[in-house]
Every structure is written in structure tokens, then in C-alpha cells.
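Working notes, structure below.
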Amino acid sequence: MDKFHIRIINGWCGNQMVIIRDHLVKFLADRNYIVKIDNQSIWENSSPPNHVDLVFQLLPAFNSEELSCPSLPIRKLLKDFDHQETLENVLRIVEENYPVSTGVNN
């Protein structure tokens, strides 16, 4: 099975987008969610992302009608990497969408 794939939509926010991505990977791994998170600059690619399980938006680039998966605004992480409400929302939406193990060993 491929890793659960999350795309962060951002602008040109420098290293912060990479720091936020790495922070979220660790935050979720600490809670036993193994994910792949990558970034998409809206200025380099303005198309809605395909083949992802969730979209986190550092800026409001796409509405729900444009996306084929759930989306969550995470802009507050730009000022506070540990913004409690945002991290709680991240955990909630991952929990709601993360594939459930069948308990069968392949």
C-alpha cells in the first residue's frame, strides 16, 4: 500500500513551507500515522492537485468543488508551528480519512 498522501498548497513562503511539512510529518508519525507530505506552489502550478488523499492549504487556493479530496486551512502554522487548534484539526481530518487496517497480514 502506498503511503497516505497529503499535499500542502503554498505560495512562496520560503523555508517555512518545508519546515511546516517536516513538522507535520513528525507530528503525525508521533501519533502512528505514516504519511507522505509534499508541497505545491500555487505560483508554479495553479491546477488542483490530483492523486492525493488530503490537501492542507497555507493559502486559500482551491475550494471544495475543485478538489477531489478533503481540504484543511493551516495558515496559522506560518506564525506558530504548534498552533493547538490547527494541529487538532489536522489530527481530526487525518483520523477521519486515514485508511483503517483490516488486520490481515499480506
Side-chain angles (χ1 to χ4, degrees):
M1 177 177 105
D2 291 335
K3 285 186 179 178
F4 190 74
H5 189 177
I6 300 169
R7 172 81 40 90
I8 298 176
I9 305 298
N10 48 262
W12 286 325
C13 39
N15 290 338
Q16 278 189 299
M17 63 190 182
V18 175
I19 293 168
I20 289 170
R21 179 198 65 208
D22 293 348
H23 186 68
L24 288 174
V25 167
K26 182 176 179 343
F27 171 79
L28 292 169
D30 288 348
R31 286 148 184 85
N32 297 317
Y33 291 102
I34 307 306
V35 299
K36 171 187 175 182
I37 301 179
D38 56 22
N39 296 86
Q40 175 181 329
S41 169
I42 194 66
W43 308 119
E44 294 175 9
N45 180 357
S46 61
S47 299
N50 294 316
H51 311 295
V52 298
D53 299 300
L54 287 177
V55 171
F56 293 158
Q57 299 194 65
L58 286 171
L59 57 107
F62 304 108
N63 61 42
S64 60
E65 290 80 27
E66 295 173 291
L67 297 170
S68 60
C69 64
S71 173
L72 179 71
I74 61 167
R75 184 177 182 96
K76 292 183 179 182
L77 294 180
L78 288 170
K79 289 187 176 183
D80 178 4
F81 296 140
D82 291 313
H83 186 264
Q84 184 176 355
E85 181 183 355
T86 301
L87 291 178
E88 287 171 0
N89 286 331
V90 164
L91 189 56
R92 176 190 51 77
I93 199 166
V94 169
E95 286 173 344
E96 290 173 358
N97 293 280
Y98 197 82
V100 177
S101 172
T102 62
V104 178
N105 293 330
N106 293 331

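Quick caveat, the model's predicted, so the values are computed rather than measured. In what follows, every heavy atom counts, from backbone to side chain, and hydrogens, waters and symmetry copies are set aside.
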Check your understanding: Which pair of non-hydrogen atoms, one from N10 and one from I8, has the smallest distance, and what is that distance?
Key -> OD1-O, 3.2 Å
Revision key, fill the gap. When rounded to the nearest 0.5 Å, the distance separating CG of N39 from CD1 of I20 is 9.0 Å
Review point. Quick one: CG on N89 to CD1 on I74, what's the gap to the nearest 0.5 Å?
Key: 11.0 Å
**Study point:** D22 and K26 ion-paired at < 4.0 Å
**Key:** no
Study note, to complete from the structure: All heavy atoms of G11 vs all of S41, minimum pair found to be O-OG, 3.8 Å
Exercise for review: Among residues two or more places apart or on two chains, list those pairs meeting side-chain hydrogen bond (donor to acceptor under 3.5 Å, both in side chains) that have a residue in residues 64-82.
Suggested key: H23-D82, Q57-S71
Review point. Just how far is it from atom CZ of F62 to atom CD1 of I9, taken to the nearest 0.5 Å?
Key: 5.0 Å
Check your understanding: Do L72 and L54 come within less than 4.5 Å of each other through their side chains, counting heavy atoms only?
Key -> no
Check your understanding: To the nearest 0.5 Å, how far apart are CG in L91 and CZ in R31?
Key -> 6.5 Å
Practice item. Please round to the nearest 0.5 Å and tell me the distance separating atom CZ of F81 and atom OG1 of T86. Key: 12.5 Å
Check your understanding: How long is the span from the CD atom in Q40 to the OG atom in S46, to the nearest 0.5 Å?
Key -> 8.5 Å
Study note, to complete from the structure: So salt bridge (charged side-chain N to carboxylate O under 4.0 Å, His left out) across residues 86-95, not counting sequence neighbours, yields R92-E96
Revision key, fill the gap. Of all heavy-atom pairs linking N97 and F4, the shortest is O-CE1, 3.2 Å
Study note, to complete from the structure: Applying ring-ring contact (aromatic ring centres under 6.0 Å, His included) to Y33 and not counting sequence neighbours gives Y98
Point to revise | Residue pair R7 / D38, side-chain heavy-atom distance below 4.5 Å | key: yes
Exercise for review: Taking all heavy atoms of I37 and all of V35, pick out the closest pair and write down the distance.
Suggested key: CG1-CG2, 3.7 Å
Check your understanding: Any donor-acceptor pair under 3.5 Å linking the side chain of D53 with the backbone of I6?
Key -> no
